[in-house]
Amino acid sequence: REKEETLYDNDEFTREPEYLEIPGKVKYNNFIIDYKEIDSKFKRLDRKNVRPFVKEFTNSNKKIINYMVKEFEMKKAAADYKRSWSSKSGELDMSKIHQYLLKDDIFNRVQITPEGKNHGVVMLLDWSGSMHGSVQATMEQATLLSMFCRRLSIPFRLFAFSDGYYSETDIRLRELEDDIYSSDYGSKKRYELEQELEAYKNSKIFGTNVKKGERNFPDLGRFHLLEVYNDSMSNNEFNKAMENWFQTSQSIENHYYYADEQITFDGEFGCARGLQLGGTPLDHSLFIIRDYLKDFRRNYNIDICSLITLTDGASHRFSDRNSKLVDRKINRVFDISQKEYYGSTTHRLLDWVKETTGVRTIGFYITNSKASDIAWEGKSFCGSTVSSYGDEFEKKRKEFLKLSTSFSDGCYDLAILINQKKLKLNYDEDELNVNSMDEGANKGTLKRALVKAGSNKMKQRVILNQFVGQMAV
C-alpha cells in the first residue's frame, strides 16, 4: 500500500475520474434535424429579397467552382499517376524480338493506374452566439464547399451544431421539462421527474434506459445537429435551403436596419424559431458524429472521408474535468480529461474519432485575435507546439495578417486559422483592376494583373481552396 498513491492522479485540483459509458451504437438520428423539418419553419418567408441574392451568389461563384473542379481533377490525376506502375503485358514486342539473345525484356509493357479513391465529406458548422459577426461569411464559405461537392457528386453533409433548437417533435422531453419547471424545488415529485428526465435523455443516446448510479452517460442537453445541405437534395431543394440559411444568417447579423435601407432578406420574418445562435456544443457533436461517420463511410463505400469543423471558439462543458470514455464495443478506455488548458477535451475527442473511424480531420478556426497571438491560438485550437518566436512564427504571423495560416502538428490533420476580418468575400477583388494600370501598359503588366486577380479569387474562398489541396490525394 506504500505506492498506491502513484496509481492515480494526485493533483489537488483533480477530482476522482468520471467514467462515461459507451455501451453500444449511438442513436444519432435522435439528434439530427433533417432539412425538411427546418424548411417547414419558413412557410411564411417572403423570398422576393433573398432569392435574387442567392441567384447572384450562385452566378458569381459558378466559374470559380468550375475552375476548382478542374484543378481538383488534375491533382487527382497526378496523384493517381504517381501511384501507377509499369508491368509486362505477356505479349512479345516485335520491335525488340531481334534482341532476344541479348535481353530478357522483349515483352510489351503496360502502365497500370489504380482506380481513384472515393471521397466523402461531413462538415460541422458552429452555430453559437460568438459567431455573430462572421456567421454570414462562414455560411457563404461553407456553401461554396457544398456546391463544389455537388458539382463532383461527392457524398457530403453540412450540419450546424446547436443547443438552441427546440424540437417540436420531441413531445415527451417538453412535457418533462414543463413538469419540472412547475413543481416545487426540493420536493419528492421534482426529484422523481428529474430522474425520469435523465433516464429519458440516456435512452435517446443509446436506446438504453438505466437508473442513476448504474452507468454514467454524457449529458447532451438540448444538443442537435441541424442539417443544412446534403448530396441527395434536388436542385430546387438545395436552392431553397440556401435561401433559408442565407435568410437566417443575414437576419442574425443585420437585426437592426433603416426602414428605407435596401436589404437582401425578409426583415419582417427575421430568424425562424429555434435557429437563433446558442452555445458551442462542439464536443457533443464529436461524440454523436463518431458512429454517424462509420455508417456514412460504409453506406457510400468511401475510401477517404474528411471531417471538417468550422468554429470560432472552444466547446462548452461536455463532461467532468477528469473524465474517461469507456468504449465497450472495442474494450478501450479513452482519456478525455481537461487538464492542460481549456479545449483539451476536444483534442482528445478528435483523437478518439480519428482512431475509431479512420477519417481525416480538418479544422477551420475563425478568430479576431492579434497576429502576435497566433502561436497561442494554434495551441488552444489544435494543441500545436509552434513557438511564439522565431522564423516559423514570423512566417505564420504574416500569413495570418493576409488571410490565414495553417498548423499540421496538432489534433487535426490540418488546422487553419482564419483572420475574421478577411473572411467576408469581396467581389471587387475578383475583378481585374484596370484603373490601377497606366495607359499603354505592356503585356507583362497586364499578365501580372490577371494572375493577381485569379489568385485573389482562389485565396478568398479560403475553406474551399484549402480543402481542394488536401482532398486530391
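Sequential numbering from 1 along the given sequence is applied to the chain's residues. Values below: all heavy atoms of this structure, side chains included; hydrogens, waters and symmetry mates excluded.
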Quiz prompt | Asn299 (side chain) donor-acceptor with Asp295 (main chain) under 3.5 angstrom | solution = yes

Quiz item: Do Phe246 and Phe57 have their ring centres less than 6.0 Å from each other?
Solution: yes

Quiz item: Got a donor-acceptor contact below 3.5 angstrom from the Arg297 side chain to the Thr357 backbone?
Solution: yes

Quiz prompt | Among Thr280, Asp351, Asp283, the one residue meeting side-chain hydrogen bond (donor to acceptor under 3.5 Å, both in side chains) with Thr346 | solution = Asp283

Quiz item: Hey, are the side chains of Tyr229 and Arg150 touching, using non-hydrogen atoms and a 4.5 Å cut-off?
Solution: no

Self-check item: Between Asp335 and Ser337, a side-chain donor and acceptor under 3.5 Å
Solution: yes

Self-check item: Within 45° cone of Phe296 ring axis and under 6.0 Å: Arg157 NZ or CZ
Solution: no

Self-check item: Heavy-atom pair of closest approach, residues Ile418 and Ser404
Solution: CA-CB, 4.1 Å

Exercise. Give, for atom CG of Asn61 and atom CE of Met68, the distance between the pair rounded to the nearest 0.5 Å.
Key: 11.0 Å

Quiz item: If only atom types and distance count, is the side chain of Asn244 paired as donor or acceptor with the main-chain N or O of Asp39 below 3.5 Å?
Solution: no

Practice problem: Decide yes or no for Leu414 and Ser406: does some side-chain heavy atom of the first lie under 4.5 Å from some side-chain heavy atom of the second? | Solution: yes

Practice problem: Can you see which heavy atom on Thr345 is nearest to which on Ile336, and at what distance? | Solution: OG1-O, 3.0 Å

Quiz item: Could you give the distance from CG (Leu158) to CG (Asn230), rounded to the nearest 0.5 Å?
Solution: 10.0 Å

Quiz item: So, for Thr356 and Phe334, which heavy atoms are closest and what is the spacing to 0.1 Å?
Solution: CG2-CZ, 4.1 Å

Quiz prompt | Residue of the set Phe31, Trp127, Tyr292, Tyr165 for which ring-ring contact (aromatic ring centres under 6.0 Å, His included) holds with Phe159 | solution = Tyr292

Practice problem: Side-chain contact test, heavy atoms from C-beta onward, threshold under 4.5 Å: evaluate it for Phe318 versus Leu220 and give yes or no. | Solution: yes

Quiz item: Given the side-chain rings of Phe223 and Phe161, with only the six-membered ring counted for Trp, is the space between their centroids under 6.0 Å?
Solution: no

Practice problem: Measure the shortest side-chain to side-chain distance between Tyr28 and Ile289 over non-hydrogen atoms and say whether it is less than 4.5 angstrom. | Solution: no

Exercise. Give a yes-or-no answer on whether the side chains of Tyr412 and Thr309 include a donor-acceptor pair shorter than 3.5 Å.
Key: yes

